[in-house]
Amino acid sequence: MQQQQIMPRVGPPGTPTGSSSRTMSFVDKQKYIEDYDFPYCDESSKYEKVAKIGQGTFGEVFKAREKKSNNKFVAMKKVLMDNEKEGFPITALREIRILQLLKHENVVNLIEICRTKATVSNGYRSTFYLVFDFCEHDLAGLLSNMNVKFSLGEIKKVMQQLLNGLYYIHSNKILHRDMKAANVLITKHGVLKLADFGLARAFSIPKNDAKNRYTNRVVTLWYRPPELLLGDRNYGPPVDMWGAGCIMAEMWTRSPIMQGNTEQQQLILISQLCGSFTPDVWPGVEKLELYKTVELPKNQNRRVKERLRPYVKDPYGCDLLDKLLTLDPKKRIDADTALNHDFFWTDPMPCDLGKMLSHHLQSMFEYLAQPRRTNQMRNYHQQMATMNSKPPDNTMIDRVW
């Protein structure tokens, strides 16, 4: 029998012939790393950072100028590598793969991935950036500026585009899982883009009574739907629709409508607005993991329309909000049905945002704005004492509850 030929261990491309990566000298390794060419991953030096426009647990986002064109701006999102002992973060790989699949006017466009050059000064560890088309504003930044006034037609246009984006990603079996005003970008021409897919994932419809086991530790607390707060791990597109409802209400209140400091308090605020969690209203809620382990308010009536009517004068708007903020995810309106709601098909019709935004030349992002949530730590009992008072017309208060 012919003896199997043992191939010599070789190093990465560029390693001297017959050498292994383990036996390379320091000088050879340094030369290999510095000279290595990544043909599909340009160096970040092709862009010049102009300003920092975002920061959070996801990392940092910068506005940058492409040096070659000098007038093309992009957004550069830094990939967090601090906790990675080796390899590329799996969460970033998931985000990149999802963004490569999604191509739609109302979803942020990923241009490329670029990286810093690996040198001795950075320990031969490149920093990677996701490069996106630049959008001049995010919705949280716009709502924080009281000089930015949305007409009813413009609010309809914002929500129509947001729901169009959600319909597209849900049709492609993707959950966003972090719907909030800060993750809704708007260009100076008034085109809305869903952004920050760092928590997004593909979903499937389970068969034969099988259940999905997704993590419920997703969605920013103030926008987190009740099923996640109660421990549900077998969820789907309705989790994003709840966030869409919170954002829609915010278009009038100018601030998040339920600002709990803990998951327990968030559940209390939801039940005070949307009613108690009971099997009559929400069949199967008693089977959720945390239903019997957390203390939930009882005998609470649903007051969504009553509480939002002082802000949302349009009856169709109130009705759509009521359907988006439905406790039972199986009864919660989906994006397709929402787009056909009378809210979008009665006067005033959705109208272009570009004219209004043309009066605001400065970019507006939540990161750069004055805090909208000055009273977010207000004691719960103070809320209860004032919950029956109705604000005068045109008055902004911190929250509905």
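What you see is a predicted model; the values in this text were computed from it and never measured.
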Less than 4.5 Å apart, side chain to side chain, heavy atoms only: is that true for Y47 and M76?
yes
Taking the six-membered ring of F343 as reference, does the NZ or CZ atom of K156 fall below 6.0 Å from its centre and within a 45° cone about the axis?
yes
From CA spacing to verdict: side chain to side chain contact (heavy atoms under 4.5 Å, CB included), S363, L368
CA-CA 9 Å; S363 284; L368 303 174; 5.6 Å; no
On a heavy-atom basis, which atom in F150 and which in R254 lie closest, and how many Å separate them?
CD1-NH1, 4.0 Å
State, with a plain yes or no, whether a side-chain heavy atom of E286 is found less than 4.5 Å away from one of P279.
yes
Using the ring of Y223 (Phe, Tyr or Trp, six-membered ring only), decide whether K180 places NZ or CZ under 6.0 Å from its centre and within 45 degrees of its axis.
no
Near K287 NZ, under 6.0 Å, is it more than 12 heavy atoms from other residues, nucleotides or ligands?
no
Can you tell if the side chain of M248 reaches within under 4.5 Å of the side chain of L324, non-hydrogen atoms only?
yes
Would you say Y167 has more than 12 foreign heavy atoms packed within less than 6.0 Å of its OH?
no
Give a yes/no verdict on a cation-pi contact between K78 and F128, requiring under 6.0 Å between NZ or CZ and the six-membered ring centre and an angle within 45° of the axis.
no
R233 side chain to Y214 main-chain N or O, any donor-acceptor pair under 3.5 Å?
yes
So, for C274 and W242, which heavy atoms are closest and what is the spacing to 0.1 Å?
SG-CH2, 3.8 Å
Can you check whether G275's main-chain N or O pairs, donor with acceptor, with R303's side chain at less than 3.5 Å?
no
Qualifying residue for side chain to side chain donor-acceptor pair (under 3.5 Å) with N183, from T220, D138, D178
D178
Close aromatic pair by centroid cut-off 6.0 Å: H137 and F365
no
Under the side-chain contact (heavy atoms from CB on, under 4.5 Å) test against L221, which residue among L229, L228, N261 passes?
L229
When every non-hydrogen atom of R177 is compared with those of D240, the smallest separation belongs to N-OD1, 3.0 Å
